[in-house]
Amino acid sequence: MAEQEPHAAQPERTSEGVASRVAIWDLVRYYLRLGTLGFGGPVALCGQMERELVGERKWLTREEMREAIAVCQSMPGPLAIQVGIFISYLRGGFWGAWAGGWAFILPNFVIVSALGLLYVHLGGLPAVTAIFYGVSPAVIALIVHSCYRLAKLGGEDWLQWVIAAVCFVVTVAVQAEVALLFIAAGIVGIIYYGTLFRGGQAPALPLLAAAPLSVGVAQSASSSILGKLLGFFLKAGSLTFGSGLVIVPFLEKGLVQQTGWLDERQFLVAVAIGMMSPGPVVITATFVGALVAGFWGSLVATVGIFLPSFLFVLIVAPILIRNRANRNVQGFVKGAYAAAIGTILGACVLLGKIAIGDWLTVLVALLSLVVLFRWNVNNPALVATAAIIGLIAFPLVQPTWVFVK
């Protein structure tokens with residue numbers, strides 16, 4: 001049992017000893033700590049929540065925790081953040097969900113926005129370039145390793161592997177709109193796994209309606225740069241099925257190719273910052289916002305990328321709980337999950353062309369993969385080691401290709 005903090009109000013408990021209601025301030029305090037110290041990605045964060053909230057604090061039953069993860073896996077958005085919002089909703093109601101969710105995000109926002117503002121002033125210094133010379137191939141290894149773990153969790157049959165392969169080819173060759181890939185894959189999943197041509201249950205309209213609606217979000221943004229940032233990241237935050245890493249190819253197309261807000265170097269730096277900071281990879285949006293429009297840009301981008309998660313949990317989650325056994329819902333999720341695997345692997349190829357350009361970066365990438373698969377080290381330790389390698393090696397190797405397309 002974890003020690004109770006002094007003067008903390010004890011939550012109301014049921015006859016089984018599980019909390020029925022938790023004070024909003026207790027939720028905020030817990031998620032502020034988790035957001036500050038929570039490294040290791042969504043699986044590690046969810047495991048930590050289960051260990052602490054089920055085993056130690058007795059805020060949840062095991063069944064409630066499993067239901068939270070299952071429901072949040074069925075929706076777009078960063079899994080760990082959504083599970084935190086869901087738990088806060090169960091124990092703190094509507095306002096508890098908003099308070100606990102933003103408390104989870106706040107430490108990440110402070111860290112990454114500060115790094116973004118510093119980079120604006122220091123990004124041209126050789127030391128910064130040297131750090132990311134070492135870090136960028138490690139980021140590629142982290143993405144490959146995460147893709148492997150996703151494939152192990154979700155690659156169940158031949159159709160999912162075919163969907164993943166098609167999405168990989170499209171991402172690499174065409175760099176197509178990621179939203180369309182997910183929608184198409186979800187429809188294929190409904191046709192194959194669902195009841196569309198078999199009779200029985202009605203189509204999963206609530207879930208299917210959410211994705212097409214998100215495609216048009218960015219078009220309603222104002223003409224100002226802050227309005228465009230908000231619209232872009234609202235759209236992006238609605239499309240991250242499977243893992244926050246799915247957002248990488250979408251951001252690369254939108255930020256580098258379409259808007260020109262970032263160049264290839266800045267984009268890779270933003271992804272690296274998202275990988276090495278606590279919390280979800282989509283916190284990359286905060287760094288991007290700082291580069292494009294300073295502090296207000298980082299704030300607007302953060303709200304845009306995470307707001308859909310709150311809406312999905314508070315509006316869609318109750319519907320999914322009632323319809324989780326629906327085969328059409330399950331089919332859409334299976335198809336979209338397979339698309340996530342292929343899209344992430346495609347992102348590795350696109351980013352690898354920027355990150356890997358000589359024998360040392362190849363070596364760093366390969367050694368990073370060995371370390372991740374053999375010892376499963378945490379992301380910050382790996383990135384910090386790669387940064388030290390970059391600082392030492394860059395002035396010796398003096399690569400002229402770094403961040404040059």
Side-chain angles (χ1 to χ4, degrees), residues 31 35 38 41-42 45 72 75-85 97-98 101-116 177-179 182 210-211 213-221 225-256 258-259 261-262 266-267 269-275 277-316 340 343-344 347:
Y31 281 108
L45 288 171
C72 293
M75 299 183 295
L79 175 63
I81 292 292
Q82 288 186 322
V83 170
I85 297 170
W98 287 99
W102 286 114
F104 199 173
I105 295 164
L106 180 61
N108 310 328
F109 167 76
V110 172
I111 293 168
V112 175
S113 60
L115 289 173
E177 184 81 8
V178 176
F182 282 119
L213 182 64
S214 68
V215 177
V217 168
Q219 298 175 359
S220 64
I225 189 64
L226 291 178
K228 289 178 180 178
L229 273 172
L230 179 62
F232 179 83
F233 283 109
L234 281 171
K235 182 179 179 181
S238 302
L239 303 176
T240 53
F241 276 95
S243 166
L245 291 168
V246 174
I247 205 173
V248 170
F250 177 88
L251 292 183
E252 197 274 340
K253 180 177 181 180
L255 298 172
V256 178
Q258 294 179 339
T259 65
W261 287 339
L262 302 182
Q266 292 169 326
F267 177 72
V269 169
V271 174
I273 291 294
M275 293 295 294
S277 61
V281 178
V282 296
I283 201 69
T284 293
T286 302
F287 190 85
V288 171
L291 265 59
V292 174
F295 172 77
W296 293 112
S298 67
L299 181 61
V300 164
T302 303
V303 171
I305 200 71
F306 288 113
L307 183 59
S309 293
F310 287 87
L311 299 180
F312 278 123
V313 171
L314 295 176
I315 298 174
V316 180
T343 307
I344 293 171

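Along the sequence shown, the residues carry numbers beginning at 1.
Across all non-hydrogen atoms, the minimal contact from Leu226 to Ala293 is CD2-CB, 4.0 Å. When every heavy atom of Gly304 is checked against every heavy atom of Leu230, the shortest pair comes out as CA-CD1, 3.8 Å. Nearest heavy atoms, Leu251 versus Ala236: CD2-CB, 4.4 Å. The shortest non-hydrogen separation linking Phe104 to Gly84 is CD1-CA, 4.5 Å. The nearest pair of heavy atoms linking Ala285 to Ala301 is O-CB, 3.3 Å.
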Quick one: do Ile105 and Tyr31 satisfy side chain to side chain contact (heavy atoms under 4.5 Å, CB included)? Show the steps, please. CA-CA 8 Å; Ile105 295 164; Tyr31 281 108; over 6 Å; no

Using the side chain to side chain contact (heavy atoms under 4.5 Å, CB included) rule, take Thr284 and Ile273 through it: C-alpha gap first, then chi angles, then the decisive distance, then the call. CA-CA 7 Å; Thr284 293; Ile273 291 294; over 6 Å; no

Run Gln266 and Trp261 through side chain to side chain contact (heavy atoms under 4.5 Å, CB included) and show every step you take. CA-CA 9 Å; Gln266 292 169 326; Trp261 287 339; over 6 Å; no

Test log, rule side chain to side chain contact (heavy atoms under 4.5 Å, CB included), inputs Val282 and Phe233: CA-CA 10 Å; Val282 296; Phe233 283 109; over 6 Å; no

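In this structure the side chain of Phe109 reaches within 4.5 angstrom of the side chain of Leu299, judged on heavy atoms. Ile81 is listed as a side-chain neighbour of Phe306, based on a closest heavy-atom distance under 4.5 Å. Within the 4.5 Å cutoff, no side-chain heavy atoms of Phe310 are placed close to those of Gln82.
Summarising the geometry, atom CG belonging to Leu314 is positioned 7.0 Å from atom CD1 belonging to Ile85; distances are rounded to the nearest 0.5 Å. Separation of atoms CG (Leu307) and CG (Leu311) is listed at 4.5 Å; rounding is to 0.5 Å. The distance from atom CG of Leu229 to atom CG of Leu255, rounded to the nearest 0.5 Å, is 8.5 Å. From Glu252, atom CD reaches atom CG of Leu262 across 10.0 Å, with rounding to the nearest 0.5 Å.
The ring pair (Phe, Tyr, Trp, His ring centres under 6.0 Å) test applied to Phe287 returns Tyr119, not counting sequence neighbours. Legend: residues meeting ring pair (Phe, Tyr, Trp, His ring centres under 6.0 Å) with Phe267, ordered by chain and number and at least two apart, are absent.
For residues 290-309, every residue pair satisfying the side chain to side chain donor-acceptor pair (under 3.5 Å) rule, not counting sequence neighbours, is listed here: Thr286-Thr302.
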